[in-house]
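When reading the values below, keep in mind they use all heavy atoms of this one structure, side chains included, and skip hydrogens, waters and symmetry mates. Chain letters run A, B, ... following the sequence lines, proteins first, then strands; residues in each count from 1. Since the model is a prediction, treat every value here as computed from it, not as a measurement.
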Amino acid sequence: MADARSIGRIAVKGVGKLYQRPKQPPVQVLDNCSFEIEPAKLTVLMGASGCGKSTLAYMIAGYLSPDKGSMTIDDISIVGPGPDRIMVFQETALWPWMTVIENVIFGPRALGSMSDAEARSKANALLTKFGLIEFRDKYPGQLSGGMKRRAELAQALINSPKIMILDEPFRGLDVMTRELMQEYYVGLFEETRLTTLFITAELEEAIFLADRLLIMGGSPSRIVKAIEVDLPHPRTWEVLTSERYLEIKEEIMRLLYQDQEAELLAQ
Amino acid sequence: MRMLRNRKFWMMCAGNLGLFALWYGSVKWIPLESFRRMPDPVRVMTEWFNPNPVFGISIFVKTYYFHILYSTYRALVSFFLAVSLGVPLGILMGWNKKVREFASALLGLLQPVPPLAWVPLAILILPGEAAVIFVCFLVAFFATALNTYVGVKSIDPDYFRAAACLGASRKDVLFDVIIPGALPNIFTGLQIAMGAAWFSLAAGEMIAAQYGLGFLIMESYNLVQVPTIVIGMATLGLLGYFSSMFIRYVGGKLMRWREEAMGVKG
């Protein structure tokens, strides 16, 4: 994964998206939305729920296309989904009818990118690393929430993607598991340095994980602010008590409140 | 031996005993002339297990099995025909928009027609044996096709998205996502289809057959051989029960992931 440092630059320029639903007025979800995601960085996209975070993620993943503007990865336009970008979903998308290892080797098998034996040994290595090796022949329904998320990370990483897109991956986990997963994930990221877009609605999670924080706001939504989070690496829970952390938090809170006040005034 | 300690088993026994008691009581103690025409359970049992049955049908008589074989044959043929056509159609409907639009208009119009309403037309256009099978097939076919279609539709869209981003081809999606994802609903459809096949079979045989349990029931009615009517009914009940038990068993084997996941959550 050494070359992962140099690739995976996402550029989003002037993107707009209009949702048209039958028998309802169309909704302009995004307008004039521009930002860049730098390679080998963990970029966190934050915004209130319903602001179009997932829409942006789906467009980068290639499931939706923008009405206006352009989206490129390493200067190549995004056309449809592809194995260079792997998305981890809000609710787990492990197929419940496949065992853990079958889920993990699905990607290599579908792509024919490696032999079955190679895929299995790589999957075993990943599962060992994620503490799931004893569960490889279990079905996802037999795993806990945290284990499922780790299995999904293994399912994604086996394909050595350029970019990881995580759409509120820890939503629905209990607080303890969630904090453990965040710490686990930040460790994993520091090790692999895969270009990552991480979406969340939680401020603490956002600051704790991010190298760079993009704040969404306005209606229709766009990126209202980009903040470099210069907290030290490796990240541990101690950063949450540091002064710099509190400064960043305050700055963002102010931004979010401004946005809400403007919305109230507009009404 | 484990069965004897199983609470469910004893509850089932109690339920069945209760049914027999109710039956016995309603024949013997309700002072209604019309209820007296009904044979009580003791009379039915003695006839059913009689080496020399009064009305010619018991477990010791070859003709009894002849009727069973005919009915089972018809039910199974129509069931398998329905499954082998209904499941692929349901999957195609869920998979392809054009097929869905085309087929849903057709199914939407034909499905509400009650199966028995087909019988006269079926007799007119098809030779004897095929008419009954056709009617059973139709009902079972609608049940499998619609349930399979609902099954495909109810698969979480994230499962398709995940497959797309992992580079799955359309064939991978069909075999690894659509078919296993729709399987629980497919099996619900098969259960309904099996029930529907037996149900319309009995009705079809009453009108358009020379053999079979439905025919036996109707003939016994005409000849006022009342215990034999009940023997026919009970046999149909048992056959239906065992066939849906068999489907559940096969479904459980094919969907081990469901049973094991449920086992954990208890």
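Heavy atoms only, all atoms of each residue included: Asp176(B) and Arg109(A) are closest at OD2-NH2, 2.9 Å.
Heavy-atom neighbours of Tyr65(B) OH from other residues, nucleotides or ligands within 6.0 Å: above the threshold of 12. No more than 12 heavy atoms of other residues, nucleotides or ligands shown are found within 6.0 angstrom of OH on Tyr73(B). Within a 6.0 Å sphere centred on OH of Tyr211(B), other residues, nucleotides and ligands contribute 12 heavy atoms or fewer. In the displayed structure, Lys129(A) atom NZ is contacted under 6.0 Å by more than 12 heavy atoms of other residues, nucleotides or ligands. At most 12 non-hydrogen atoms from other residues, nucleotides or ligands lie less than 6.0 angstrom from CD of Glu134(A). Enclosure of atom CZ in Phe199(B) is not indicated, since only 12 or fewer non-hydrogen atoms of other residues, nucleotides or ligands lie within 6.0 angstrom. More than 12 heavy atoms of other shown residues, nucleotides or ligands fall within 6.0 angstrom of atom NZ in Lys41(A).
With sequence neighbours excluded, the residues that form a ring pair (Phe, Tyr, Trp, His ring centres under 6.0 Å) with Phe106(A) are Trp95(A).
Under the 4.5 Å side-chain criterion, counting only non-hydrogen atoms from C-beta, Pro140(A) is not in contact with Trp257(B). The closest side-chain heavy-atom distance from Trp97(A) to Tyr159(B) is below 4.5 Å.
Remark: Phe89(A) CZ to Cys165(B) SG distance equals 5.5 Å, nearest 0.5 Å. To the nearest 0.5 Å, the span separating CG on Asn159(A) from CG on Leu166(B) amounts to 5.5 Å. Rounding to the nearest 0.5 Å places CZ of Arg256(B) at 4.0 Å from OH of Tyr139(A).
Looking at Gln155(A), the atoms closer than 4.5 Å to chain B (heavy atoms on both sides) sit in the backbone and in the side chain alike. Heavy atoms closer than 4.5 Å to chain A are found nowhere in Asp156(B), neither backbone nor side chain.
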* To do: Any chance you could lay out the salt bridge (Lys or Arg N to Asp or Glu O under 4.0 Å) test for Arg161(B) and Asp167(A), step after step, and finish with the verdict?
  => CA-CA 13 Å; Arg161(B) 293 194 188 109; Asp167(A) 184 13; over 6 Å; no
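Contact tally against chain B (heavy-atom pairs below 4.5 Å) for Ala61(A), Pro96(A), Ala156(A): the top residue is Pro96(A). The candidate from Gly107(A), Pro83(A), Ala93(A) with the greatest count of non-hydrogen atom pairs under 4.5 Å with chain B is Ala93(A). Highest contact tally toward chain A, considering only Ser169(B), Ala168(B), Pro180(B), Ala164(B), is held by Pro180(B) [criterion: heavy-atom pairs under 4.5 Å].
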